[in-house]
Amino acid sequence: MRLMVRTAIIALAVALAAPVAAAIPALTGSAQAQTAIIDINTATAAQLDAVKEIGPARAAAIIKGRPYKRKDELVTRKILTQGVYDKIKDKIVAKQ
């Protein structure tokens with residue numbers, strides 16, 4: 001009887017752990033998406049908006065000002081302030 005109870009408990013624990021283990025890669029994948037480097041010449045408005053400090057209005061302005069030769073053009077074209085640019089410069093690139 002004890003063996004059946006122990007087996008049932010182990011089976012229940014395995015069954016409950018499987019969905020949690022399956023969800024972990026999905027969580028790390030979204031975390032990687034947030035830390036991925038965004039190309040300001042090709043990113044969608046949603047991708048730009050996902051970068052902290054860039055909201056919908058700045059995302060629209062970035063898209064409207066394309067193409068960019070260098071990412072610091074966001075400051076020279078007065079799309080971003082120097083302070084905002086300094087916060088996000090490691091998260092963006094301007095590929096040709």
Side-chain angles (χ1 to χ4, degrees):
M1 183 69 172
R2 283 185 174 171
L3 181 60
M4 286 178 40
V5 172
R6 188 179 305 156
T7 304
I9 291 173
I10 291 172
L12 180 62
V14 170
L16 293 175
V20 173
I24 291 172
L27 293 175
T28 58
S30 65
Q32 288 175 343
Q34 291 177 354
T35 60
I37 296 177
I38 304 294
D39 182 0
I40 58 174
N41 283 321
T42 61
T44 64
Q47 291 171 324
L48 290 166
D49 188 27
V51 176
K52 194 171 186 174
E53 303 294 330
I54 296 180
R58 285 183 175 152
I62 290 170
I63 291 171
K64 185 178 178 184
R66 288 177 178 166
Y68 301 97
K69 293 180 182 177
R70 296 184 335 266
K71 63 184 179 179
D72 63 349
E73 287 184 55
L74 295 174
V75 176
T76 59
R77 294 186 188 186
K78 300 186 189 297
I79 295 170
L80 298 178
T81 64
Q82 185 66 47
V84 171
Y85 174 76
D86 290 340
K87 291 178 185 178
I88 67 165
K89 67 182 176 184
D90 296 331
K91 299 175 186 171
I92 60 171
V93 294
K95 294 182 181 174
Q96 298 293 313

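Being a predicted model, the structure only gives us computed values, none of them experimental.
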When rounded to the nearest 0.5 angstrom, what distance separates [atom1] in [X] from [atom2] in [Y]?
{"X": "Tyr85", "Y": "Leu74", "atom1": "OH", "atom2": "CG", "answer": "7.5 Å"}
{"X": "Ile38", "Y": "Ile62", "atom1": "CD1", "atom2": "CD1", "answer": "10.5 Å"}
{"X": "Ile63", "Y": "Ile40", "atom1": "CD1", "atom2": "CD1", "answer": "11.0 Å"}

Item to check | Residues in side-chain hydrogen bond (donor to acceptor under 3.5 Å, both in side chains) contact with Thr76, at least two apart in sequence or another chain | outcome: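 Testing Thr76 for side-chain hydrogen bond (donor to acceptor under 3.5 Å, both in side chains), a comparison that skips the adjacent residues, returns none.
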For [X] and [Y], work out which heavy atoms get closest and say how close.
{"X": "Asn41", "Y": "Tyr68", "result": "OD1-N, 2.7 Å"}
{"X": "Ala59", "Y": "Ala45", "result": "CB-O, 3.8 Å"}
{"X": "Val93", "Y": "Ile37", "result": "CG1-CG2, 3.3 Å"}

Output a table of donor-acceptor pairs, distance under 3.5 Å, between side-chain atoms of residues 47-58 and any protein atom two or more places apart or on a different chain; print 'none' if there are none.
from, atom 1, to, atom 2, distance (Å)
Gln47, OE1, Thr44, N, 2.8
Gln47, OE1, Thr44, OG1, 3.4
Arg58, NH1, Glu53, O, 2.6

Checklist entry - If you look only at pairs with a residue in residues 62-75, which of them pass as a salt bridge (Lys or Arg N to Asp or Glu O under 4.0 Å), with sequence neighbours excluded? => result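 Passing the test, one end in residues 62-75: Arg70-Asp72, Glu73-Arg77.
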